[in-house]
Amino acid sequence: MSADVTGVVVRLKLSLLRNGLRQSGGRRAAYVASAVVVFLFAALQLLGLIMLRGNAHASSVVVLLVAVLALGWAVMPLFFPGGDETLDPTRLVMLPLRPRPLVRALLAASLVGIGPLFTLCLFTGSVIAVARGAVAWVVGVIGVALALLVCVALARAVAAANIRLLTSRKGRDLAVLSGLVIAIGAQVVNFGAQRLGSAGLGRLDPWADVLRWVPPASAIGAVESVSEGSYGTGGLQLALSAGALVALIAVWSRHLTRLMTSPDGSTLQAATEAAVRERSSTGLARLLPDGRTGTVMERSLRYVWRDPKTKAAWVTSLAIGLIVPLFNALQGTGSIYFACFAAGMLGIQMYNQFGQDTSAFWMVAMTISSPRDAYVELRGRALALLVITLPYATLVTVLTTALLGEWPRLPEALGLSFALLGAMLATGAWTSARFPYSIPQEGYKNVAPGQAGLAWISIFGGMVSAALLCAPVIALTIWLNVSEDGDAWSRLLLPLGGAYGAALTWLGLRLAAPRTAARLPEILMAVSKG
């Protein structure tokens with residue numbers, strides 16, 4: 001019976017692939033092009049691993065490679081849940097299938113596709129790079145099979161444990177953030193490659209010594225151990241991978257059973273419990289001021305947490321604002337003033353405040369009848385942004401200072417960051433009223449067609465204006481650094497920068513409020529075009 005189920009599910013996977021390619025010529029062309037690129041990359045990687053054979057650090061490279069591939073398999077279902085229709089076991093709930101035969105069938109179906117073939121090529125190349133002797137080759141065959149099965153079972157277990165999340169709105173949020181994770185990963189890989197280029201592959205050895213005991217890297221590490229004559233060590237490493245495979249299948253089977261037998265959020269009981277939790281969730285509101293200011297702050301912070309586009313923009317700014325100063329400091333080429341990059345990236349979130357509301361801005365517009373109402377609205381949005389940006393900019397500045405060891409310059413760096421943040425809040429409030437534009441909710445575009453010019457003027461014009469507004473603090477910082485007695489006075493830059501930034505924010509909100517109140521119909525039309 002289980003063999004029949006396995007065959008049916010594998011044929012189902014092939015049918016899904018075939019029928020998906022039949023939908024359009026563009027989809028077929030994209031699939032073929034991606035397959036060709038993946039196979040060429042796999043071939044080049046396989047050739048590189050073969051050429052690595054005989055290198056003293058070959059085992060460290062392949063162990064780390066297997067560990068990175070396993071990490072990729074673990075996070076792939078979280079960011080690309082729609083890439084494989086068979087990842088969603090809830091589609092099989094109504095079928096009379098037992099968990100164990102279904103697990104075996106889904107495991108076999110998971111081995112069909114470009115990803116498993118790519119992984120198999122790299123695992124095979126890893127074995128070729130380190131295997132020496134007949135016994136090592138036999139262990140290599142077993143190790144490749146174990147490592148591949150562990151990766152596939154890991155992906156399936158993660159998908160089953162998070163399938164309710166992946167099929168919900170938050171799952172779509174993860175898909176929006178996938179590009180950011182890839183970008184950050186590319187920066188990390190680039191940084192690691194630069195460090196290896198200057199220090200050599202020997203720096204990988206301490207990491208590899210630990211990871212060779214972590215499945216599925218331990219399955220490939222067993223090949224190296226057997227090649228060196230350590231048969232007991234190799235057997236133990238293989239046993240670790242086999243045990244991990246059994247544990248992952250057990251976890252997967254348990255989650256699969258729970259998914260196919262327990263009620264989900266569509267049932268009345270679950271929906272009622274969720275409603276009760278929603279009504280009782282007032283923790284955020286208790287921490288905010290009373291009146292309209294607190295309401296605006298709560299709404300803005302909920303947008304950051306719940307709206308996919310807003311969340312993606314915030315996470316991107318948070319990540320890049322941290323990566324740029326810290327990575328430059330770690331490379332020894334950074335400056336403490338790079339920490340201002342964090343305040344600059346987060347200050348951008350003040351721009352196009354009303355466009356972030358899209359067509360829902362009409363509900364806000366109905367509550368604004370005077371410049372005072374507009375001022376309170378803008379002030380609440382600025383305060384919500386400061387709740388995140390002030391501690392974050394301070395943290396990034398302190399971390400950058402610690403890595404560079406320039407503690408005497410910490411006050412002036414913080415003062416510059418606060419002044420820059422205040423200038424961007426001021427210009428952001430004004431440009432939000434003067435140059436609003438719509439942000440489409442669907443797709444990956446951040447500007448509606450025909451409004452790209454408005455976006456450029458709003459963001460880049462505002463950033464240039466913010467830099468000009470910060471000129472007095474920048475000039476004072478330069479003067480204190482070149483002056484003989486500057487070190488004694490540099491600490492005053494922290495309170496001066498903070499006060500100057502607060503004054504700029506207040507002035508920008510005051511100037512933007514009358515324009516906002518006067519241009520409500522134009523703003524509403526502009527932000528509703530998407």
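Computed over heavy atoms, backbone and side chain alike; hydrogens, waters and symmetry mates excluded.
- Side-chain atoms of L493 and L416, non-hydrogen and from C-beta on, never get closer than 4.5 Å to each other.
- The side chain to side chain contact (heavy atoms under 4.5 Å, CB included) search around D373 returns R292, I368, S369, S370, not counting sequence neighbours.
- Inter-residue side-chain proximity for L122 and L46 is flagged as unmet; no heavy-atom pair is nearer than 4.5 Å.
- Scanning all heavy atoms of the two residues, the minimum distance from S126 to L49 falls at N-CD1, 3.7 Å.
- Side-chain contact check for R381 versus S432: every heavy-atom pair is 4.5 Å or farther apart.
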For this session: Report the C-alpha separation of R409 and L404 in whole Å, then their side-chain angles, then the decisive distance to 0.1 Å, and conclude whether the side-chain contact (heavy atoms from CB on, under 4.5 Å) test is met.
Result: CA-CA 10 Å; R409 292 191 175 184; L404 295 174; over 6 Å; no
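- Rounded to the nearest 0.5 angstrom, T505 OG1 and L378 CG are separated by 12.0 Å.
- Residues L496 and V473 fail the side-chain proximity criterion, which asks for heavy atoms closer than 4.5 Å.
- No side-chain heavy atom of P371 sits under 4.5 Å from any side-chain heavy atom of R510.
- Note that CG of L504 and CG of L420 are 10.5 Å apart. Values are rounded to the nearest 0.5 Å.
- The ring-ring contact (aromatic ring centres under 6.0 Å, His included) search around F361 returns F354, not counting sequence neighbours.
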### Message
One pair to check against side-chain contact (heavy atoms from CB on, under 4.5 Å): L403 and L326. What are the steps and the verdict?
### Response
CA-CA 8 Å; L403 290 175; L326 292 192; 3.7 Å; yes
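- Residues that satisfy the side chain to side chain contact (heavy atoms under 4.5 Å, CB included) test with S465, not counting sequence neighbours, are T427.
- Among all heavy-atom pairs drawn from C151 and A70, the shortest one is SG-CA, 3.9 Å.
- For the side-chain contact (heavy atoms from CB on, under 4.5 Å) with P216, the lone residue among V66, L69, L248, L154 that qualifies is V66.
- Two residues are said to be in side-chain contact when any heavy atoms from C-beta on lie closer than 4.5 Å; V527 and D357 fail this criterion.
- Of all the heavy atoms in A343 and L421, the pair that sits closest is O-CD1, 4.0 Å.
- The shortest non-hydrogen separation linking G462 to T431 is CA-CG2, 4.4 Å.
- Looking only at side-chain heavy atoms (C-beta outward), R212 and S59 come within less than 4.5 Å of each other.
- Taking CH2 from W314 and CG from L301, the interatomic distance works out to 8.0 Å, rounded to the nearest 0.5 Å.
- To the nearest 0.5 Å, atom OG1 of residue T367 and atom CH2 of residue W362 are 11.0 Å apart.
- For A513, the side chain to side chain contact (heavy atoms under 4.5 Å, CB included) test picks out A374, Y375, with sequence neighbours left out.
- No side-chain heavy atom of I388 sits under 4.5 Å from any side-chain heavy atom of Q349.
- Side-chain N or O atoms of R515 include none that pairs as donor or acceptor with a backbone N or O of R434 at under 3.5 Å.
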Trace of the side-chain contact (heavy atoms from CB on, under 4.5 Å) decision for I348 with M463
CA-CA 8 Å; I348 294 176; M463 291 172 64; 4.3 Å; yes
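- Separating the CG atom in L524 from the CE atom in M366 is a distance of 10.5 Å, to the nearest 0.5 Å.
- Counting only residues at least two apart or in different chains, ring pair (Phe, Tyr, Trp, His ring centres under 6.0 Å) contacts with residues 394-431 are absent.
- The side chain to side chain contact (heavy atoms under 4.5 Å, CB included) check on L383 picks up T293, M297, R379, L386, with sequence neighbours excluded.
- Heavy-atom minimum distance, P411 versus R491: CB-CA, 3.9 Å.
- What you find for A455 and Y437 is that their closest heavy atoms are CA-CE2, 3.5 Å.
- Put simply, CD on E412 and CD1 on I478 are 10.5 Å apart, with the number rounded to the nearest 0.5 Å.
- Residues E377 and T516 bring no donor and acceptor atom of their side chains to less than 3.5 Å of each other.
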